[in-house]
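Encoded as structure tokens, the structure appears first; notes follow it.
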Amino acid sequence: MEIGLYHYLTLSVILFAIGMTGVLIRRSVLSMLLSIEILFNSINLAALAFNRFLYPATVTGHVFVIFIITIAAAEAAVALAIVMIVYKNFRSLEVEGLTSLKR
Amino acid sequence: MAHALMFYLFAALAIAASLAVILHRNIFKSATFLAGMLFCLAALFVLLDAEFIAVVQVLIYIGAITILIVFAIMLTTKINDEHKEQFNSQKFLAPILALGLLGLILTIVVKIQWTTAEISPVPSDILGLIGTALLSDFIFPFDVVSILLLVALIGATYIAKQEDRKPLVTEVDETGEHGDGKVKHALHAEEVEH
Amino acid sequence: MDVILGLLYVVILFSLVAVQVLILVFMERKVSAWIQSRIGPNRVGPWGLLQTTADIIKLITKENIRNIQSDKVIFFLAPILAFVAPFAGFVTIPVAENLGIQDLNMGAVYVFALGSSMVFSVIWAGYGSNNRYALIGAMRSAAQMISYEIPLVTSVLGVFLIAGTLSMREIVALQESGTWYVIYQPLGFILFLVAATAEANRAPFDLPEAESELVAGFHTEYSGMKFAFFFLAEYTEMLVACSLMTVLFLGGWLIPFVDNSQIPWWIHIFVFIFKVYSMIFLMMWFRWTFPRLRVDHLMQFGWKVLLPFALVNLVVTGAVALWLKS
Amino acid sequence: MRFLIDVFKGLWSLFVGLGVTFKYMFRKKTTVQYPEIKKPLADRFIGYVKMMYETEGEFAGHTKCVACMACVVVCPVSCIQVTHDKHPDPTKKRIANDFILDYTKCEFCNLCVEACNFDAIIMGHDYELSFYDRADMDMILVKDKKYNDDLYAASRRQTGSEYRPIIAPREREIVDVINKREHEERLKKQAEKSPAQQSE
């Protein structure tokens, strides 16, 4: 069977579901960050699949993916700075404990 | 044929790796599996004729973002603390929810008749097209993203560099002393000397 | 059929690279000896030529020792990735006009991407050995490599801007008639040379494996075959970096001021190899001249000197290119 | 501006450094090809303990060691074993039968040589002290009172060129003078004693 848009979209959706589960079930902030990266990538895959199979002559999907990667980099930098400061203040990275902005 | 084989291989690897990311107890290995998953996706991007994006994925995602996360892991968590409970109380509910969402989106995806009748060949100079698109149609988002990156850079530096703020921990650590004075030096050893 | 051909390419490339590394190690020892007024290896074989072969045989036949608490899989994978990543970079490098495995559309970026995934092998080595010295060395090395990647890539952007393509073969073809890009981009060339030296963990930027400070950095726990792979990886990386330099700045296989279409292809190969080896000689010369940097100076140098100069170089190149175009 | 000047100065200094090492590349090599060519040692070099033998007189070839055990007593690591026998020279009491030195223990401290009252041992100039077998490191300096060439060669790799090593020449002179004086005194004593004995 020819691999088409459906296959890529299905894979993308499965990855999205896995990423979402990861965000919901993990306790550590860092694990949640890893899961968020999975979410980003499932979106990237979907964008590129749409671009390839629906409008191959344009590059809108590619441009979107580049933006997403850029924003993921910025997000990672800020999130890691926050993780550092949280760890410094709370000595733990478990989400349940982080209920106040200040302790 | 080869295309289908490659697709199934890398799709299976990607799914397995992402499952390992969310289920593995050792967070360092989680990050390693994330790099593996990103690599599989890069391979899939090549199958989708997006070589440039695949290369950028390896260069930035694996080479920079994952490494950054690994750094954060090394600097904060106890990696080998595998006996600790890793999952919260939603660990049974969340997969059901995710499966529901999966079913929902999959139904939508399958129901829609995408107009993919003919697959026309991709343009050869995709790199030039991306460049042109970034600096013509998408010039505004491009600028916004640049500014966002700059702001994120400054913000991250600002947040991470607040060393004069007193650590708020007062719990007693193993030596019997208060954690107060000892917390600072680990992360900011290099800044102290300036 | 394609698969068999590809495997054949890999085997040929591997043997070529392995032989190159043997020669390079011998050359390094000789250069270091000359700079220090010594003779260097001269016992095994004629003029000591078989010295490195003997060393490699010794490494291969050595017992494989593994720390019992180390992480088996990661410990095993790290040296392999360390070697495979730079090795795969050879795929795009054109040695002569029609010689080279595959000319990718974005060849140069591909090589940089592989270089950046090398960081992972270093971190794996540090984590997998379950040794504090190794971990400290690995973190230092990773920090150094991701810091120097930025000036490394930024410094060549000027070349891409002038050439208007990322394909290695086209970049070389554009340098016909003796207009090497090193003439247009002297600053870029120097920055690239420095950053590539740091990227390959060579002295004076060899902090990650500083012998006198960190035992051997991230490969403290490695011995025998696995250590040989790290060794191989370092020299392969050097080869790739110098080949890149040759292609991007020094006109690849071209001889200046000569009609290159008249010259047979095997001379082109020799010209390419000569250029690569002169760059490698330069790197070795650096190693035995400059003292090692201190760790904070290393970071300062990367971020406060190399990066601003690379950015200035890029902006000036862009402005001049725009001005010439209009 | 100052930053720029610093950077260019730094760059220039790097070039100067490269020039220096480039010059060194063509200098005369200082390597000495060791096993073939050996550098002369300093006179005071402390190597390998050597036994001295009588070179002249009636008992030439016999060891000078009279088994007084001074070296055994003084040795900080107890690496010397000496067995003794009756000396063939009637003026001396004993002679070393076996003199065995354990090089796995010896630390080349020179104390035994200083303790020796008869100038019988000396620190030599041999420094190639590697062996294939641990048993070889128990070195037999004397066997059956006499210098035995075969035994000596077998007990170690013979590398020194001269059998009688040179210590610091000035000291050697003093030692020689002292030896000579003692020898003369002994002869004199003997001469004094013998007529007395004869007369008795």
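Naming convention: chains lettered A, B, ... in sequence-line order (proteins, then strands); numbering from 1 in each chain. As the structure is a prediction and not an experimental result, all values here were calculated from the model.
Atom CG of residue B:Leu44 and atom CG of residue A:Leu48 lie 10.0 Å apart, to the nearest 0.5 angstrom. Interatomic distance, A:Arg26 CZ to B:Ile27 CD1, rounded to the nearest 0.5 Å: 6.5 Å. One finds the CZ atom of B:Phe45 at 14.5 Å from the CZ atom of A:Arg52 (value rounded to the nearest 0.5 Å). To the nearest 0.5 angstrom, A:Leu80 atom CG is 8.0 Å from A:Glu75 atom CD. Note that the CG atom of A:Leu33 and the OG atom of B:Ser30 stand 12.0 Å from one another [nearest 0.5 Å]. How far CG of B:Leu99 is from CG of B:Leu104: 12.5 Å, rounded to the nearest 0.5 Å.
Heavy atoms closer than 4.5 Å to chain A are found in both the backbone and the side chain of B:Ala11. Proximity to chain B involves both the backbone and the side chain of A:Leu34, based on heavy atoms less than 4.5 angstrom apart. Heavy-atom distances place the side chain of B:Leu101, and not its backbone, under 4.5 Å from chain A. Within the 4.5 angstrom heavy-atom criterion, only side-chain atoms of A:Phe50, from C-beta onward, approach chain B. For B:Phe52, the part lying near chain A is the side chain, with the backbone staying farther off; criterion is any non-hydrogen pair under 4.5 Å. Using a 4.5 Å cut-off between heavy atoms, B:Leu19 contacts chain A through both its backbone and its side chain. Within the 4.5 angstrom heavy-atom criterion, atoms from both the backbone and the side chain of B:Ile69 approach chain A. Looking at A:Leu15, the atoms closer than 4.5 Å to chain B (heavy atoms on both sides) all sit in the side chain, from C-beta outward. If you measure heavy-atom distances from A:Leu9 to chain B, the contacts under 4.5 Å come from the side chain alone. No part of B:Leu153 comes within reach of chain A, as not one of its non-hydrogen atoms sits under 4.5 angstrom from that chain. For A:Val78, the parts sitting under 4.5 Å from any heavy atom of chain B are the backbone and the side chain alike. For B:Ile130, the parts sitting under 4.5 Å from any heavy atom of chain A are the backbone and the side chain alike.
Heavy-atom pairs under 4.5 Å with chain A were tallied for B:Leu102, B:Thr132, B:Val144; the largest tally goes to B:Leu102. Most heavy-atom pairs under 4.5 Å with chain A, from the set B:Leu129, B:Leu93, B:Thr157, B:Val56: that is B:Leu129. Your options are B:Ile15, B:Ile65, B:Leu48, B:Thr66, and the one with the most heavy-atom pairs under 4.5 Å with chain A is B:Leu48. Chosen from B:Pro141, B:Ser146, B:Ala14, B:Ala17, the residue pairing most often with chain A at heavy-atom distances under 4.5 Å is B:Pro141. Chosen from A:Val23, A:Thr21, A:Thr10, the residue pairing most often with chain B at heavy-atom distances under 4.5 Å is A:Thr21. Options A:Ala76, A:Ser42, A:Ser35, A:Ala72 differ in how many heavy-atom pairs under 4.5 Å they form with chain B, and the most are formed by A:Ala72. With respect to chain A, the highest number of heavy-atom pairs below 4.5 Å among B:Leu23, B:Leu34, B:Val145, B:Ile53 belongs to B:Ile53. Put simply, of B:Val151, B:Leu68, B:Leu97, the one with the most heavy-atom pairs under 4.5 Å next to chain A is B:Leu68. Heavy-atom pairs under 4.5 Å with chain B were tallied for A:Val83, A:Val65, A:Leu45; the largest tally goes to A:Leu45.
Summarising the local packing, OH of A:Tyr8 is surrounded by more than 12 heavy atoms from other residues, nucleotides or ligands at distances under 6.0 Å. Remark: B:Phe39 CZ is loosely packed, at most 12 non-hydrogen atoms of other residues, nucleotides or ligands lying under 6.0 Å away.
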In sequence, state the C-alpha distance, the side-chain angles, and the governing distance for B:Tyr61 and A:Phe40, and then conclude on ring-ring contact (aromatic ring centres under 6.0 Å, His included). CA-CA 11 Å; B:Tyr61 246 120; A:Phe40 274 133; 7.4 Å; no
From CA spacing to verdict: side chain to side chain contact (heavy atoms under 4.5 Å, CB included), B:Phe138, A:Thr60: CA-CA 9 Å; B:Phe138 294 92; A:Thr60 318; 3.5 Å; yes
Apply side chain to side chain contact (heavy atoms under 4.5 Å, CB included) to residues A:Phe67 and B:Leu134 and explain how you reach the verdict. CA-CA 10 Å; A:Phe67 283 149; B:Leu134 271 179; 3.8 Å; yes
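Heavy-atom minimum distance, B:Met37 versus A:Asn41: CE-CB, 3.9 Å. For the pair A:Ala81 and B:Ile159, the tightest heavy-atom approach, listed with the atom from each and the gap, is O-CG2, 3.9 Å.
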